[in-house]
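I have placed the structure first, in the form of structure tokens, so that the comments after it can refer back to it.
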Amino acid sequence: MFKKILIANRGEIAIRIIRACRQLGIPDAVVYSDIDAGALHVRIADEAHYIGRAPSIESYLRSDKLIEIAKQAGADAIHPGYGFLAENWQFAQEVAEAGLTFIGPTATAIKALGDKLMARALMDNAAVPTVPGGSVNINDIEAAQAVAEECGFPVLVKAVAGGGGKGMRIVELPDELENALQMAASEAGKAFGDARVYIEKYLTRPRHIEMQIARDSQGNAVYLGERECSIQRRHQKLVEEAPSVCVDEKLRRRMGEIAVKAVTAAEYVNLGTVEFLVDQNRNFYFLEVNARLQVEHPVTELVTGIDLVREQINIAAGKPLSFSQEDIDIRGHAIECRICAEDAENNFMPCTGEMISYREPSGPGVRVDSGVRLGSVVSPYYDPLIAKLITYGANRDEAIQRMVLALSEYRICGVTTNIDFHHSVIGCQAFARGDLSTDFIAENYPEGYCSEQLPVADARAVAIAAALSHYYDATGIRQLKAIQGSGDWLANARREGTRRLEGGGW
């Protein structure tokens, strides 16, 4: 086993990896930028090392500094978490060349699967179903039109590299294609340094279903069930659950076996996720492989009882899988809401600020993976994810009920969050029915999300009550002044007061 693991990340995922290391008895080390000096992951780690200024390009993306710190700390392995350098094949290669272990797939596998055209070719050779489409040259519009016509409009123009919705355009009509190609290529070039794009058929109201896999260096490969990830904004997931209401045992087996075939074709080793689009007739198509630990891995952990991060470390150490396919038993239901510092009423714009009040929910079947505490600051430099709120129940209805309660208990003041929006989604009739697709937000919030407005008199009363409650709950007059001084203090106070009044908190 490893002597020490350097965690090349921050926030809640760094804390999650620290916990796995401690279960395995492995010392850990973390890195931090100047703005993260007082962060929770720094405070609880065995040791912490300064890596640079706040911008990620000067800190968490500095592969040379990460390897240097790992050697200085006496670490023999680096865990990248997710985001930052987790799917950077050059970093994985540099780690291996430095004589250290990269806790993840090989650089070769990451490179092959990170290039969507190479990945499609691999899948086609392995008889894995892919969405109809092909590569195009933005300077050859006639050839591009031919590819689009063969797919049938609408089509999707996508960047070959990267993800997260960048370099992606939906094209409804032939005369829109040329402009979409130019815009997608320009955006992709700026975001990923690679302006190549390709075209594929745009599926109407598809579900985004992903399959968790694990494969060890001995060639043993297992699928651990699916996750429903259809509720998204700007191609970024917001709510995930396991299992999916649209997947029965027969479909799960088919998708799982195809997922195992896909990663075996790429000689993939470690944890990974094979993502599929599923149409309304339950036909499924390969989308991509996420060659890393997923943000939403906790829902799979809860329904399988398997610690995925610990398994990831063991695989990287050369150990065989601790379970076989026959051992995988999906029990109960789990739902995850990504609690983010963003304004859902303003097109999900990221928000910043200091947490002047913070209280996490608890109770049976409630799990919170967070990297913050009272006084933590959400800065503009990193992803606005604050925490992952996960609930588990014997069935989907119980998991939903527990999520409603947990969301009502979650208290974050000082920074705008999407907690109210999650309340709305989980309480939505379409969600209760399991009527999900990647168009969920557009269909259910066609004019955008807007919280209920209180009458002026009620709003004033609630605002005063909420402000007084904050005053007595926390640190005194400083907090009350902070609430009054923030631009959206009335909205925050009104929402907080409404929650407390409805929940009998006063």
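What you see below is based on every heavy atom in this structure, not just the backbone, and it leaves out hydrogens, waters and symmetry mates.
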Thr101 vs Asp76, test: side chain to side chain contact (heavy atoms under 4.5 Å, CB included). Steps then yes/no. CA-CA 6 Å; Thr101 298; Asp76 50 353; over 6 Å; no
Closest approach of [X] and [Y], non-hydrogen atoms and distance?
| X | Y | value |
| --- | --- | --- |
| Cys340 | Asn418 | N-OD1, 2.9 Å |
| Ala86 | Ile110 | O-CD1, 4.3 Å |
| Ile335 | Val299 | C-CG1, 3.9 Å |
| Ile426 | Val239 | CD1-CG1, 4.5 Å |
| Ile412 | Ile339 | CD1-CG2, 4.0 Å |
| Phe440 | Asp435 | CD1-O, 3.8 Å |

Side-chain ion pair, [X] and [Y], N-O less than 4.0 Å:
| X | Y | answer |
| --- | --- | --- |
| Glu226 | Arg207 | no |
| Glu210 | Arg227 | yes |
| Glu301 | Arg16 | yes |
| Glu296 | Lys388 | no |
| Arg19 | Asp28 | no |
| Glu58 | Arg62 | no |

Does the side chain of [Y] come within less than 4.5 Å of [X]'s, by heavy atoms?
| X | Y | value |
| --- | --- | --- |
| Ile328 | Ile306 | yes |
| Asp46 | Val30 | no |
| Cys21 | Ile313 | yes |
| Ser322 | Asn314 | no |
| Glu275 | Val289 | no |
| His297 | Leu271 | no |
| Thr416 | Glu345 | no |
| Ile209 | Phe284 | no |

Main-chain N/O of [Y] paired with [X] side-chain donor or acceptor, under 3.5 Å:
| X | Y | answer |
| --- | --- | --- |
| Ser186 | Met183 | no |
| Glu200 | Lys158 | no |
| Asp34 | Ala54 | yes |
| Lys4 | Ala73 | yes |
| Gln212 | Gly272 | yes |
| Asn347 | Met349 | no |
| Thr352 | Ser379 | no |
| His422 | Arg338 | yes |
| Arg10 | Gly371 | no |

Do Arg396 and Phe431 form a cation-pi contact, if we require the NZ or CZ to be under 6.0 Å from the six-membered ring centre and within 45 degrees of the ring's axis? yes
What do the steps show when you test Asp36 against Tyr60 for side chain to side chain contact (heavy atoms under 4.5 Å, CB included), and what is the final call? CA-CA 11 Å; Asp36 277 342; Tyr60 299 103; 2.6 Å; yes
Would you give the length of the straight line joining atom [atom1] of [X] to atom [atom2] of [Y], rounded to the nearest 0.5 angstrom?
| X | Y | atom1 | atom2 | answer |
| --- | --- | --- | --- | --- |
| Leu66 | Ile7 | CG | CD1 | 12.0 Å |
| Leu238 | Ser230 | CG | OG | 12.0 Å |
| Leu321 | Ile315 | CG | CD1 | 5.0 Å |
| Tyr50 | Ser59 | OH | OG | 8.0 Å |
| Tyr223 | Thr300 | OH | OG1 | 13.5 Å |
| Ile213 | Asn270 | CD1 | CG | 8.5 Å |

Would one find more than 12 heavy atoms of other residues, nucleotides or ligands at under 6.0 Å from atom [atom1] of [X]?
| X | atom1 | answer |
| --- | --- | --- |
| Arg22 | CZ | yes |
| Lys237 | NZ | yes |
| Arg331 | CZ | no |
| Tyr381 | OH | no |

Checking side-chain polar atoms at under 3.5 Å, does [X] have a donor or acceptor matched by the opposite partner on [Y]?
| X | Y | value |
| --- | --- | --- |
| Gln294 | Arg292 | yes |
| Tyr382 | Ser33 | yes |
| Thr417 | Tyr410 | no |

Mind running side chain to side chain contact (heavy atoms under 4.5 Å, CB included) on Leu85 and Ser63 for me, showing each step along the way? CA-CA 8 Å; Leu85 296 170; Ser63 60; 4.1 Å; yes
Where do Glu398 and Asn395 land on the side chain to side chain contact (heavy atoms under 4.5 Å, CB included) test, with the steps shown first? CA-CA 5 Å; Glu398 186 173 63; Asn395 51 53; 3.6 Å; yes
So Phe421 and Phe348, would you call those rings parallel, tilted or perpendicular, with 30° and 60° as cut-offs? perpendicular
Does the pair Gln72 and His49 meet the rule for a side-chain hydrogen bond (donor to acceptor under 3.5 Å, both in side chains), with working shown? CA-CA 10 Å; Gln72 290 175 353; His49 301 265; 5.5 Å; no
